[in-house]
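The structure appears right after this line, and notes come after that.
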Amino acid sequence: MEKICYFDAHCDTVHACYIHGASMRQNNGQADFERGRMFARWAQVFALYENSSRAPEDGMFALLKREHAFFETAMAENADLAVHCRTAEETESANSQGKIAAILSIEGAELLDCAPENLQMAADWGVRCINITWNHANALSGTNVEQTEQGLTAQGRAFVREMYRLGILPDVSHLSDRGFWDIVEMGLGPVIASHSNLRGICGHTRNLTDDQFKAVAASGGGVGLNLYVPFVGEQGSLDEFCRHIDRALELGGADCLGIGADLDGCDRIVAGMAGVQDIPDLYAMLRKRGYEEKLLDSLFYSNLLHILLK
């Protein structure tokens, strides 16, 4: 099978390797650098993450710094396979050399103590997007799980304004609906939903309503479709996953749709897939089902390249 290009908006591989003492080069999880050799081009957004209910004694901010140091060490040790990239130009350069483009995000602003003044450090690290929340409500907003009616607080608005000033995009996956609309209504720039599906197809509150999807597209942002079974449908079948693509296309999403597989952040992946090694099979199955090659190439690579790394 011909090699495909793949740009993925979200995985938890850094966190999984950090907590298990595993290697990002080769491991028993759902993604690693060695498996990336199967792609013609691979760009992967790696999230720095921790569940705030497991916060260490020295706090989430200190943990974030340790996890970032782990990522930097992994980049240095695997420089023959992967390059940390901050821009589309750097990403395309790395990919053209046969190397994986590793892009940074942060999942949950509590890792930055929800403090706008800590965002400069994230910008200096090359972080390109930040989830305002994970599942637990924080000082910035409620989530789709906790304090679901709570939107952005005054601190949350200040945090988002500083993100945009520094060129970091807000990621609304996990955010409460009110928090979502608060960010959109600020109108400061593109909005990202890095690993969310369509609520009209699967009613989970982690997914986007049709109006939310259209708002992300109108902002110039992008949506990465999640492969986690509970966000796809009851069976987690390919048919159900295709329905999310079809709905997104019906809503005018051909230029904003991508993949945010959530690898190493979920235990059940659509259609029995086991990890990143199965992504080319997913592409091939969708192609056989009649999706045009040009559309799939946009969905699997070019859309997110141009949206996340402007």
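Just so it is clear, the structure is predicted and the values come from calculations on it, not from any experiment. Scope of the values below: all heavy atoms of this structure, side chains included, with no hydrogens, waters or symmetry mates.
Contacts of Arg37 classified as salt bridge (Lys or Arg N to Asp or Glu O under 4.0 Å), with partners at least two apart in sequence or in another chain: Glu34. With sequence neighbours excluded, the residues satisfying salt bridge (Lys or Arg N to Asp or Glu O under 4.0 Å) with Arg35 are Asp32. Shown here are the ring-ring contact (aromatic ring centres under 6.0 Å, His included) partners of Tyr49, two or more places apart in sequence or in another chain: His15, Trp134. Under the rule for a salt bridge (Lys or Arg N to Asp or Glu O under 4.0 Å), the partners of Glu162 that lie at least two apart in sequence or sit in another chain are Arg165. The ring-ring contact (aromatic ring centres under 6.0 Å, His included) search around Trp181 returns none, not counting sequence neighbours. Not counting sequence neighbours, Asp267 has no partner by the side-chain hydrogen bond (donor to acceptor under 3.5 Å, both in side chains) test.
Comment: Lys65 does not engage Asp58 in a salt bridge, judged by the lack of any side-chain N to carboxylate O separation of less than 4.0 angstrom. With salt bridges taken as basic N to acidic carboxylate O contacts below 4.0 Å, none links Asp246 and Arg243. Of the charged side-chain nitrogens involved, none lies within less than 4.0 Å of a carboxylate oxygen, so that Arg157 and Glu185 do not count as a salt-bridged pair.
Legend: ring pair (Phe, Tyr, Trp, His ring centres under 6.0 Å) pairs involving residues 18-37, not counting sequence neighbours, sorted by first then second residue: Tyr18-Phe70. Each salt bridge (charged side-chain N to carboxylate O under 4.0 Å, His left out) pair with one or both residues in residues 247-261, not counting sequence neighbours, appears once here: Asp210-Arg247, Arg247-Glu250. Note on residues 287-310: pairs passing ring pair (Phe, Tyr, Trp, His ring centres under 6.0 Å), not counting sequence neighbours, are Tyr283-Phe300. Listed by first and then second residue, the ring pair (Phe, Tyr, Trp, His ring centres under 6.0 Å) pairs that reach into residues 79-109 are Phe71-His84, sequence neighbours excluded.
Across all their heavy atoms, Arg128 and Gly167 have their closest contact at NH2-O, 3.7 Å.
Grouped by direct or indirect side-chain proximity (heavy atoms under 4.5 Å, Ile/Leu/Val/Met/Phe/Trp/Tyr only), Phe231 sits with Tyr228.
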Side-chain donor-acceptor contacts of residues 101-109 below 3.5 Å, not counting sequence neighbours, with atom names and distances?
residue	atom	partner	partner atom	Å
Glu107	OE1	His10	NE2	3.3
Glu107	OE2	His174	NE2	3.1
Glu107	OE2	His195	NE2	3.2

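Here the side chains of Met24 and Ile100 are not in contact, with every heavy-atom distance at 4.5 Å or above.
Side-chain atoms of Ser93 and Glu89 form no donor-acceptor pair, as typed in the model, at a separation below 3.5 Å. There is no side-chain donor-acceptor pair under 3.5 Å between Thr209 and Asp211.
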